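Working notes, structure below.
Please read these numbers as outputs of a predicted model, since none were measured by experiment. Per chain, numbering begins at 1; letters A, B, ... match sequence-line order.
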Amino acid sequence: MKKVNVLVVGKNEAIVELLIRLVNKYPELSAQGTCNLEEIESLCLSSSTIELIILSSGLSTTQEMDIKNIVSKIHPKVKCLEHFGGGSGLLRTEIIQALGYLVACPE
Amino acid sequence: MKKSIFHKAESRGQANHGWLVSAHTFSFANYYDPERIHFGALRVLNDDSVKGGMGFGQHPHDNMEIISIPLEGDLEHKDSMGNLAVIRQGDIQVMSAGTGIYHSEYNHHKEQAVKFLQIWVFPNKKNVTPRYDQITLQNKYSLNQLQQILSPNPEDEGVWIHQDAWFHLGHFEAGKISHYRIKKPGNGVYAFVLEGNFQIEGYDVNRRDGLGLWDLDSFDLKAQTDNSKILLMEVPMNI
């Protein structure tokens with residue numbers, strides 16, 4: 001199955017790691033992530049199409065805009081969601097709303 | 001013109017994990033209903049029951065105002081800011097998750113289940129410094145009147161959060177009427193019946209039903225049975 005590539009970005013390392021683990025439990029999704037904004041461009045260049053950015057906590061509005069701009073230059077069809085809550089509670093709804101289609105429950 | 005949405009108790013999303021039984025008023029975890037994502041800034045209203053000795057292990061949160069209201073039993077809280085506390089019926093717990101907080105919530109007892117409401121409200125400001133607070137209500141469930149348990153103001157009655165939200169609890173005898181006036185124009189109110197039955201704006205609202213009202217200035221609620229209890233959550237509708 002071709003997986004949807006997801007990029008998780010935030011400033012809280014533990015929460016970013018948790019979100020990567022949670023996203024990777026979804027059969028259709030494959031996540032990588034970083035807390036280092038300098039790494040985003042190289043992550044984008046080394047990845048096949050990134051379809052979704054998950055913006056986690058600690059980012060300023062300017063940083064969020066910068067991240068979207070960097071990623072969308074390389075992956076123009078990327079969609080973006082602001083994650084709230086820090087864990088699994090809202091994640092599936094946020095992903096479904098951002099992608100525009102139903103994703104299966106995590107394994 | 002007044003608007004409303006009515007959620008019957010049995011229409012809520014159900015989750016049974018053995019140790020945890022939960023009813024979700026709004027989409028949460030694996031429960032997804034595109035028609036039930038949030039009511040304004042009110043994003044989560046979970047009606048949780050946790051078996052004795054069990055609980056939520058340490059896990060993180062960010063950017064959310066999280067309010068817990070114990071209904072039966074005692075809940076043991078521990079968090080990454082060094083707080084260790086037990087909250088009981090009549091207490092209100094609040095966490096501003098902000099940039100990130102870790103916590104665990106366990107049933108304090110080995111045998112008896114703990115039942116509590118877990119409520120998440122979107123904050124009006126992202127990335128705030130995390131904070132924890134809990135209070136014991138001075139006049140818990142004052143009969144036949146609404147008691148404020150939450151507001152945006154640290155100096156006001158109850159706990160406070162980073163949002164223009166006001167919560168009230170009320171415990172009423174049959175036939176008693178209370179008038180609620182919206183605190184901030186544009187806000188809506190989600191009324192959740194804890195026990196008994198209320199008449200609100202023409203709706204017959206029973207135990208664990210929820211009624212959302214907005215685009216109105218005030219409304220009356222009338223208890224239909226003795227020992228009727230209600231939680232009113234006033235929140236901004238535009239987020």
Original post:
When B:Tyr190 is tested against each of B:His38, B:Glu234, B:His7 for side-chain hydrogen bond (donor to acceptor under 3.5 Å, both in side chains), which residue passes?
Top reply: B:His7
**OP:** Would you mind checking which part of B:Asn63 comes under 4.5 Å of any heavy atom in chain A, side chain (CB onward), backbone (N, CA, C, O), both or neither?
**Re:** both
Can a donor-acceptor pair be found, under 3.5 Å and without considering hydrogens, that links the side chain of [X] to the backbone of [Y]?
X: B:His61; Y: B:Met64; answer: no
X: B:Asp79; Y: B:Tyr132; answer: no
X: A:Asn12; Y: A:Ile15; answer: yes
X: B:Ser96; Y: B:Pro130; answer: no
X: A:Asp66; Y: A:Gln63; answer: no
X: B:His162; Y: B:Glu65; answer: no
X: B:Asp156; Y: B:Ser151; answer: no

Original post:
Quick one: is the NZ or CZ of B:Lys229 closer than 6.0 Å to the six-membered ring centre of B:Phe192, and within 45° of its axis?
Top reply: no
Original post:
In terms of heavy-atom proximity below 4.5 Å to chain B, should A:Leu91 be classed as side chain, backbone, both, or neither?
Top reply: neither
Subject >> A:Ser88 portion near chain B, given a 4.5 angstrom heavy-atom threshold >> reply: backbone
Pairwise distance [atom1]([X]) to [atom2]([Y]) - rounded to 0.5 angstrom:
X: B:Arg131; Y: B:Asn83; atom1: CZ; atom2: CG; answer: 11.0 Å
X: A:Ile20; Y: A:Leu29; atom1: CD1; atom2: CG; answer: 13.0 Å
X: B:Glu76; Y: B:Ile87; atom1: CD; atom2: CD1; answer: 11.0 Å

Subject >> B:Gln58, CD atom: more than 12 neighbouring heavy atoms under 6.0 Å >> reply: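 Result for CD/B:Gln58: enclosed.
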Original post:
Hey, are B:His77 and B:Gln93 close enough side-chain-wise for a donor-acceptor pair under 3.5 Å?
Top reply: yes
Original post:
Hey, are A:Ser47 and A:Gln32 close enough side-chain-wise for a donor-acceptor pair under 3.5 Å?
Top reply: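 Present: a donor and an acceptor within the cut-off.
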Original post:
Taking the six-membered ring for Trp, are B:His59 and B:Phe56 parallel (under 30°), tilted (30 to 60°) or perpendicular (over 60°)?
Top reply: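 Tilted: the ring planes of B:His59 and B:Phe56 meet at 30° to 60°.
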Subject >> Cationic N near anionic O, under 4.0 Å, B:Arg88 to B:Asp74 >> reply: yes
**OP:** May I ask you to name which of B:Phe122, B:Tyr102, B:Tyr32 has the most heavy-atom pairs under 4.5 Å with chain A?
**Re:** B:Tyr32
**OP:** Identify which of B:Asp62, B:Ile37, B:Asn127 forms the greatest number of heavy-atom pairs closer than 4.5 Å to chain A.
**Re:**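 Sorted descending by pairs with chain A, the first entry is B:Asp62.
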**OP:** Measure the shortest side-chain to side-chain distance between A:Val6 and A:Ile95 over non-hydrogen atoms and say whether it is less than 4.5 angstrom.
**Re:** no
Would you please go through [range] and name the residues with a non-hydrogen atom below 4.5 Å from one of chain A, in numerical order?
range: residues 108-120 of chain B; value: B:Trp120
range: residues 45-55 of chain B; value: none
range: residues 8-28 of chain B; value: B:Ser27, B:Phe28

**OP:** Find the one option among A:Ser60, A:Ala14, A:Gly87, A:Gly10 whose heavy-atom pairs under 4.5 Å with chain B are most numerous.
**Re:** A:Ala14
Original post:
For chain B, which residues from residues 97-107 of chain A have at least one heavy atom closer than 4.5 Å to it?
Top reply: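 The residues closer than 4.5 Å to chain B, in numerical order, are A:Gln97, A:Leu102, A:Cys105, A:Pro106.
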Subject >> Taking every non-hydrogen atom, the tightest pair across B:Asn107 and B:Leu75 >> reply: N-CD1, 4.4 Å
